[in-house]
Amino acid sequence: FLVSFGGSFRKSIRDITTRDMELIFRNMQGDLMIRYRKEMEMEDGIRLSPQKNGYWFLPHITDRGWYLYRFDHDHRFAIVLYDPGTGKETPLVKTSLTDFCSFTATKDGGTIVFSHLTENTHHPAGPHMTADLYRFYVDDKKTEKLTDTAHLWQPVISPDGQHLFAVQRYGSYSRIVEIDMQTGGISLLFSKSRTTVYTPALSPSGDKLVFVMNRQGMQDLYILDLNTALSFTGENFPAD
């Protein structure tokens with residue numbers, strides 16, 4: 001049946017079920033509490049983010065501590081060094097990321113790579129958005145742009161800082177590429193027709209890349225052996 005979300009919504013529910021909406025909701029809650037009683041008995045974890053409103057995303061554990069992306073009502077978007085014991089935050093890079101998964105750091109904590117979304121208002125076709133990778137040197141507090149209009153996000157850097165991978169837009173879909181950190185050149189690692197890929201992550205040994213692939217609404221995890229893939233990357237692909 002069709003109902004509006006105005007004043008007739010509650011009346012429609014009562015007319016059909018003969019019960020008030022609040023009673024239905026309370027009964028549902030009670031049923032779920034009984035059904036999932038064992039799960040509810042699990043101990044709560046320890047909250048490590050500050051006891052205030054805000055967002056703290058995806059810490060990268062480095063030798064220097066936790067790097068994470070945060071924003072709240074009192075501070076700008078930033079990648080910060082976070083002490084989970086004291087809650088102290090030290091801002092490193094004040095930037096808004098392309099998405100919450102779009103930064104990575106070397107194991108020693110000396111280098112951070114992130115993706116930032118920018119708008120080109122002078123593009124011939126009108127306002128044009130593009131995402132590029134930037135490298136931040138923690139000790140020097142220096143930021144440099146690695147790519148130009150390359151449509152890259154969700155970077156992941158190898159623990160030793162020698163290899164950098166990312167998701168790249170490819171038409172209406174996306175693919176996995178490697179970026180040369182000296183030249184900004186892009187080499188194809190993985191692409192499959194009519195698929196999107198995202199959230200790549202490296203194995204602890206740094207020789208395998210795992211990522212999610214979506215094809216026609218079906219999502220699966222894939223593992224790419226980099227020892228094999230890097231040996232036949234072949235042609236460099238242009239950014240556009």
With rounding to the nearest 0.5 angstrom, report the [atom1] to [atom2] distance, [X] to [Y].
X      : Y      : atom1 : atom2 : result
Lys192 : Ser174 : NZ    : OG    : 14.0 Å
His151 : Thr98  : NE2   : OG1   : 11.5 Å
His163 : Leu189 : NE2   : CG    : 10.0 Å

A side-chain contact here means heavy atoms from C-beta on lying under 4.5 Å apart; do [X] and [Y] qualify?
X      : Y      : result
Leu68  : Phe57  : no
Arg169 : Trp153 : yes
Phe100 : Phe71  : yes
Lys11  : Ile13  : no
Phe165 : Gln154 : no
Phe114 : Thr95  : yes
Ile186 : Gln168 : yes
Trp66  : Pro84  : yes

Self-check item: Asp207: which of Leu202, Thr228, Asn227 passes side chain to side chain contact (heavy atoms under 4.5 Å, CB included)
Solution: Asn227
Self-check item: Electrostatic pair Arg64-Asp139, nearest N-O below 4.0 angstrom
Solution: yes
Quiz item: Do the charged groups of Lys107 and Asp160 touch, with an N to O distance under 4.0 Å?
Solution: no
Evaluate the ring planes of [X] and [Y], with Trp represented by its six-membered ring, and classify them as parallel (under 30°), tilted (30 to 60°) or perpendicular (over 60°).
X      : Y      : result
His60  : Phe103 : perpendicular
Phe190 : Tyr222 : tilted
His116 : Tyr134 : perpendicular

Please report the shortest heavy-atom distance between [X] and [Y], naming the atom on each side.
X      : Y      : answer
Ala201 : Val156 : CA-CG2, 4.4 Å
Val80  : Pro91  : CG1-CA, 3.8 Å
Pro155 : Leu164 : CB-CD1, 4.1 Å
Ala150 : Asp132 : N-OD1, 2.9 Å
Thr106 : Pro159 : CB-O, 4.0 Å
Ser172 : Thr196 : O-CG2, 4.4 Å

Practice problem: Mind running side chain to side chain contact (heavy atoms under 4.5 Å, CB included) on Thr17 and Ile24 for me, showing each step along the way? | Solution: CA-CA 9 Å; Thr17 66; Ile24 295 174; 3.6 Å; yes
Practice problem: In sequence, state the C-alpha distance, the side-chain angles, and the governing distance for Asn214 and Thr195, and then conclude on side chain to side chain contact (heavy atoms under 4.5 Å, CB included). | Solution: CA-CA 6 Å; Asn214 183 303; Thr195 64; over 6 Å; no
Quiz item: Does NZ in Lys52 sit with more than 12 non-hydrogen atoms of other residues, nucleotides or ligands closer than 6.0 Å?
Solution: yes
Self-check item: More than 12 heavy atoms of other groups within 6.0 Å of Met28 CE
Solution: yes
Exercise. Go through Tyr55 and Tyr69 one step at a time and tell me if the ring-ring contact (aromatic ring centres under 6.0 Å, His included) criterion holds.
Key: CA-CA 8 Å; Tyr55 298 87; Tyr69 182 55; over 10 Å; no
Practice problem: Verify side chain to side chain donor-acceptor pair (under 3.5 Å) between Ser102 and Asp99, making sure each step is shown before the conclusion. | Solution: CA-CA 5 Å; Ser102 281; Asp99 63 82; 2.9 Å; yes
Quiz item: Given the rule in the side chain to side chain donor-acceptor pair (under 3.5 Å) test, do Tyr137 and Arg135 qualify, once you have shown the distances and angles that lead to the verdict?
Solution: CA-CA 7 Å; Tyr137 297 95; Arg135 174 165 47 193; 3.0 Å; yes
Practice problem: Go through Phe136 and Val138 one step at a time and tell me if the side chain to side chain contact (heavy atoms under 4.5 Å, CB included) criterion holds. | Solution: CA-CA 6 Å; Phe136 177 75; Val138 176; 4.1 Å; yes
Practice problem: With side chain to side chain contact (heavy atoms under 4.5 Å, CB included) as the test, would you mind laying out the steps for Arg14 and Ile16 before giving the verdict? | Solution: CA-CA 5 Å; Arg14 184 172 180 80; Ile16 296 297; over 6 Å; no
